[in-house]
Amino acid sequence: MSGVRVLVGTRKGAFVLTADGKRDKWDVSGPHFAGWEMYHVKGSPADPDRIYASQSGGWFGQLIQRSDDGGTTWSPVGNKFEYDGDPGTHQWYDGTPRPWEFKRVWHLEPSLTDPDTVYAGVEDAGLFRSDDGGQEWSELAGLRGHGSGPNWQPGAGGLCLHTILLDPSDPQRIYVAISAAGAFRSDNAGKTWQPINQGLLSDGIPDPDAEVGHCVHRIAMHPSRPDVLFMQKHWDVMRSDDAGGMWHEVSGNLPSDFGFPIDVHAHEPDTIYVVPIKSDSEHFPPEGKLRVYRSRTGGNEWEPLTKGLPQRDCYVNVLRDAMAVDSLDSCGVYFGTTGGQVYVSADAGDSWEPIVRDLPAVLSVEVQTLP
Amino acid sequence: MIRVVLPAHLRTIAHVDGEVRLDVEGPATQRTVLDALENRYPMLRGTIRDQSTHKRRAFVRFFACEEDLSHETPDAPLPERVVTGAEPFLVVGAMAGG
């Protein structure tokens, strides 16, 4: 029987949650890398036994761990992330120039076809690639070298490249998103990049529709329709139907259009999920009710999904990389909270159950659908 | 022979249980000891000092013989009791680092 493996990164270690296709009985292993911040753990679509993990901490910096047996054993691989050439400066919070400085890896995106190729999105914002299973890393410097780089400013979490989307229909096309620079697209496998932020409006920057400077929190696509992108921005849920050429708002009837994650149903390209958060300063659900909102119309019309989720006194957050979907026939949806809960819905969001309740704050959730 | 005591997280990464014992060529300094340590345990590269500049990470300190050697130059000779193996060279994670 098919099954799922959920990879959870937390503030103090990683956890692997496994179940068969019913997704009602779970085995929990971990903490792996106890005590470390695990920003992201993700498996290769080309080989489910190959998993990459970003391990970092205040004392000893950044490591990358790799498993070749589905997360049972791990080995450290390369952790030298050196910007290409003179890295120059970006803007600091106060607007002064600040030298680019590597801090951590936020996101690891394995290639869709080659288990040894993996991309890393880092803080201060940059995109790296390894073609040897994570041993050596090279920067795709055309992104940071885009003319707008010196004007990029950090969001509250740092100047981080947190989203990497690979187009399954075109290996030359890559999307990334940076807080708080915005979204960018490459059509030549990462050599050169263009900002794709037209249509975004951000009140917190001097020019609300500037080419760059937008605090994009997350972008998602459905693999069958890679030109359609969905975005959770700092405020506003957005949609583009032309690969980011132009965005329009689809927040519709959401109780708040602030939030972090956004994801797409595995089999329904117009069914999308967000978790509304009250505001940029109040990072918890409106009214203390943890609600996932689902749109079956590609945005604008949203329904709250509450069955099995706490509907009073809930003040957790759901971070940008902490939602995922599996590809079983009945699409499973997963998310983790800063309160340490990981929830699963085995029926596309209609009902929810906690897999675990008391992990450290959850930073990321990914899921592998296993044969 | 130099005895090096690593903090628990780095012992886990390097898969060592107790002290690390290193033969260091030439004068024993922070630089030569860390070079020898990283040669034997490449997975520790970047965890104690920057891989390019070799600058000590901010929340890592070096102690020996009840002294804080963190601000000595990397090429200063280590205390004789460390060189002879009578005292270990301690790599310490600062209390503020976690």
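Convention: sequence-line order gives letters A, B, ...; per-chain numbering from 1. Predicted model, so just to flag it, every value in this text is computed and none were measured.
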Exercise for review: Go through the atoms of B/Pro42 and report whether side chain, backbone, both or neither lie under 4.5 Å from a heavy atom of chain A.
Suggested key: neither
Exercise for review: Please examine the side chains of B/Thr12 and A/Trp36, heavy atoms only from C-beta on, and report whether any two atoms are closer than 4.5 Å.
Suggested key: no
Revision key, fill the gap. For A/Asn79 and B/Gln51 the tightest heavy-atom approach is OD1-NE2, 2.9 Å
Point to revise | Minimum heavy-atom distance A/Gly35-B/His9, with the two atoms named | key: CA-CE1, 4.2 Å
Check your understanding: Has B/Arg40 got more than 12 heavy atoms of other residues, nucleotides or ligands less than 6.0 Å from its CZ?
Key -> yes
**Study point:** Greater than 12 external heavy atoms within 6.0 Å of A/Asp358's CG
**Key:** no
Point to revise | Contact summary for A/Phe60 and B/Pro7, nearest pair of heavy atoms | key: CZ-CG, 3.4 Å
Practice item. Could you tell me which non-hydrogen atom of A/Lys80 sits nearest to which non-hydrogen atom of B/Ser52, and how far apart they are? Key: CE-OG, 3.6 Å
Exercise for review: Let me know if A/Gln55 has heavy atoms under 4.5 Å from chain B in its side chain, its backbone, both or neither.
Suggested key: side chain
**Study point:** A/Asp69, CG: over 12 other non-hydrogen atoms inside 6.0 angstrom
**Key:** yes
Check your understanding: Under 6.0 Å from the CD atom of A/Gln135, do we count more than 12 heavy atoms belonging to anything else shown?
Key -> yes
Check your understanding: For B/Val60, does its backbone N or O pair with a side-chain atom of A/Trp59 as donor and acceptor, under 3.5 Å?
Key -> no
**Study point:** Non-hydrogen atoms of B/Met43 and A/Leu63 that approach each other most closely
**Key:** O-CD2, 3.8 Å
Review point. Quick one: CD1 on B/Ile13 to CH2 on A/Trp74, what's the gap to the nearest 0.5 Å?
Key: 14.0 Å
Review point. What closest approach, in Å, do A/Gly58 and B/Phe59 show between heavy atoms, and which atom pair accounts for it?
Key: O-CD1, 3.3 Å
